[in-house]
Q: 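Can you keep this structure in mind? I'll have questions shortly.
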Amino acid sequence: MTHRCELEDVTQHINNKISSLKQILELRSIAKDPDKILILRKIGQDVLAIDGLLDQFEKCVGRQKGLLKHLKDLQSFFEEDLQDGQHLRENIPQHMPKNGLAAVGSGSQNKPAEVQPVQQDNSRKTSKNQIREMQFITMPEFEAIPQYMKGRVTYDQLNGVVQSINTASVGKYKILQQPLKNLNNHTRRLHQRFKDEETKDTKGQFFVVEADLREFTQMKVDKRFQGILNMLRHCQRLRELRGGGLTRYLLL
C-alpha cells in the first residue's frame, strides 16, 4: 500500500512537470508573434507596477500598525488619567482653603453675626487688609503628633477646628476693617469688644477668643476642643496669650 502511494505521487509529479513544459512551449510559440510580444511586455510592465504598489501598501500598513500601537498607548495613558481624575473627584479633602465664612462643627445654634461688605477705596488689596488664616494640618504632621495627645481625635476633626478658627478670624477682622458708620448695632458691639480685648502684646497679631468661636461658628468649646488646641500648639499653628481673664489664641 505504501509503495502504491509513492508511485502515485511520482506519477503526479511527472505529470505536473509535463504540464509545465507544455505551457512553456506554448508561451515560446506566442513570443515569436510580434503582436503577442507587445501584449506580454505590457503585462510585464503592469506586473512590475502592481509589485511597486504592493510594496507601498506594505509600507503603509506598517506605518498604520505603528500609529495604532501609539494610539493604544495614548489610550491607556488617558484611561489612567481619567481614573486618577475620578478618584480625586470622589475623594476631595473636606478641609481646603475657601473664601468667605462657613460654619464648621455642631453645637450651639447661635446665629453668626452678619458682616457688611468691606468698602475699599482702591481695587488693589493691601497687606493691611489681608486676614491671616491658619494653615491646615498635613497628614505627616498629624502622624507625628504623640498618640497620648491625639487620643481618638481624627485628622478631619483636627482640621475641622482649624477651619472654625479661620472662620472666626475672618469674621472678626472683616468687622474690624470696616468703618463704624457701615456697621449695625450688633456688629458695633462686636467691634467694641474686639478693641477692648486687644493689648500691647497683640499689636500686629491676629487672634481669637472663645467668644469669637461661639459668635461665628457652631463649634463646641469643651474639653475635646482644649485637647485639640494642645495639638495645634504642638504643630506650631497657634500660641496662647492670657491676661485680663481672657485666653487669646494667636495665629502663627
Side-chain angles (χ1 to χ4, degrees), residues 83-113 115 127 130-176 190 193-194 196-252:
Q83 291 176 358
D84 292 342
Q86 290 176 343
H87 177 75
L88 290 174
R89 182 178 181 181
E90 295 170 358
N91 297 274
I92 297 176
Q94 295 182 4
H95 305 291
M96 298 181 67
K98 297 180 180 179
N99 294 328
L101 300 177
V104 178
S106 61
S108 174
Q109 298 299 323
N110 292 342
K111 183 178 180 181
V115 182
S127 58
Q130 292 178 352
I131 300 174
R132 177 178 298 173
E133 294 187 43
M134 187 184 304
Q135 293 183 352
F136 288 108
I137 303 298
T138 64
M139 184 57 71
E141 288 178 314
F142 179 74
E143 293 175 349
I145 298 174
Q147 185 59 43
Y148 75 88
M149 189 179 295
K150 283 191 293 189
R152 296 183 179 180
V153 176
T154 66
Y155 176 74
D156 288 337
Q157 289 172 340
L158 177 58
N159 274 326
V161 173
V162 173
Q163 179 65 68
S164 294
I165 293 175
N166 287 338
T167 298
S169 175
V170 171
K172 171 183 177 178
Y173 286 96
K174 277 190 174 183
I175 292 176
L176 286 173
L190 289 176
R193 176 171 69 80
F194 298 155
D196 292 342
E197 292 169 350
E198 293 178 353
T199 67
K200 63 179 182 179
D201 295 323
T202 63
K203 185 176 181 180
Q205 304 290 333
F206 289 83
F207 71 93
V208 295
V209 298
E210 292 183 3
D212 299 330
L213 295 171
R214 296 190 182 96
E215 180 68 37
F216 295 103
T217 75
Q218 296 176 339
M219 186 181 66
K220 289 183 178 180
V221 181
D222 51 14
K223 291 183 178 180
R224 175 175 166 274
F225 171 74
Q226 296 298 329
I228 291 178
L229 289 181
N230 291 333
M231 297 165 64
L232 294 177
R233 284 195 296 270
H234 176 80
C235 295
Q236 299 182 353
R237 290 299 193 275
L238 58 77
R239 65 183 180 92
E240 292 183 1
L241 181 64
R242 300 177 184 271
L246 281 176
T247 301
R248 299 164 180 82
Y249 304 108
L250 276 65
L251 278 64
L252 301 179

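Sequential numbering from 1 along the given sequence is applied to the chain's residues.
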Q: Does any N or O in the side chain of Asp222 come within less than 3.5 Å of the main-chain N or O of Phe225, such that one atom is a donor and the other an acceptor?
A: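 Checking the backbone N and O of Phe225 against the side chain of Asp222, a donor-acceptor pair under 3.5 Å is found.
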
Q: When rounded to the nearest 0.5 angstrom, what distance separates CZ in Phe216 from CD1 in Ile175?
A: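 Rounded to the nearest 0.5 Å, the CZ-CD1 separation comes to 4.0 Å.
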
Q: Does Phe194 have any ring pair (Phe, Tyr, Trp, His ring centres under 6.0 Å) partners at least two apart in sequence or in another chain, and if so, which?
A: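 Expected list: none.
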
Q: Looking only at atom types and distance, does a side-chain atom of Arg237 sit under 3.5 Å from a main-chain N or O of Met231, one as donor and one as acceptor?
A: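 Pair absent, no side-chain N/O of Arg237 close to backbone of Met231.
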
Q: To the nearest 0.5 Å, tell me how far Ile228 CD1 sits from Gln157 CD.
A: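 The CD1 atom of Ile228 sits 6.5 Å away from the CD atom of Gln157.
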
Q: Does Lys172 count as lying over the ring of Phe207, i.e. NZ or CZ under 6.0 Å from the six-ring centre, within 45 degrees of the axis?
A: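 Positive - Lys172 is close enough to the ring of Phe207 and near enough to its axis.
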
Q: Are any non-hydrogen side-chain atoms of Leu158 and Ile145 less than 4.5 angstrom apart?
A: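 Sidechains of Ile145 and Leu158: in contact.
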
Q: Looking at every heavy atom in both Ser169 and Leu251, which two are closest together, and how far apart are they?
A: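 Reported closest heavy-atom pair: OG-CD2, 4.0 Å.
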
Q: Can a salt bridge be assigned to the pair Glu215 and Arg193 using a cut-off of 4.0 Å between side-chain N and carboxylate O?
A: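 So Glu215 does not pair with Arg193 through a salt bridge.
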
Q: Is there a donor-acceptor pair under 3.5 Å between the side chain of Tyr155 and the backbone N or O of Ile137?
A: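 Side chain of Tyr155 to backbone of Ile137: a pair is present.
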
Q: What distance separates Gln135 CD from Cys235 SG, expressed to the nearest 0.5 Å?
A: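 The distance works out to 11.5 Å.
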
Q: Rounded to the nearest 0.5 Å, what separates atom OG1 in Thr217 from atom CD1 in Ile165?
A: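 Going from the OG1 atom of Thr217 to the CD1 atom of Ile165 covers 9.0 Å.
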
Q: Donor-acceptor pair, distance only, cut-off 3.5 Å: does the side chain of Arg248 make one with the backbone of Glu197?
A: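 Here the side-chain-to-backbone pair exists.
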
Q: With the side chain counted from C-beta on, respond yes when Ile131 and Asn166 share a heavy-atom pair under 4.5 Å apart, and no when they do not.
A: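 The answer is no, as the side chains (C-beta and beyond) never meet within the 4.5 Å cut-off.
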
Q: In Å, rounded to the nearest 0.5 Å, how long is the span from CG of Leu252 to CG of Leu238?
A: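 Separation between the atoms: 6.5 Å.
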
Q: Between Ser164 and Leu213, what is the shortest heavy-atom contact and its length?
A: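 Looking at all heavy atoms of both residues, the closest pair is O-CD2, 3.9 Å.
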
Q: Take a 6.0 Å sphere around CD of Gln236 and say whether it holds more than 12 heavy atoms from other residues, nucleotides or ligands.
A: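 Result for CD/Gln236: open.
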
Q: In terms of side-chain geometry, is the basic nitrogen of Asp201 or Arg242 positioned less than 4.0 Å from the acidic oxygen of its partner?
A: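 Not counted as a salt bridge, because no side-chain N and carboxylate O are separated by less than 4.0 Å.
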
Q: Nearest 0.5 Å please: distance from the CZ atom of Phe142 over to the CZ atom of Phe136.
A: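 It comes to 15.0 Å.
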
Q: Write down the atom of Gln205, the atom of Tyr173, and the distance for their closest heavy-atom approach.
A: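 Closest pair (atom of Gln205, atom of Tyr173, distance): O-OH, 3.5 Å.
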
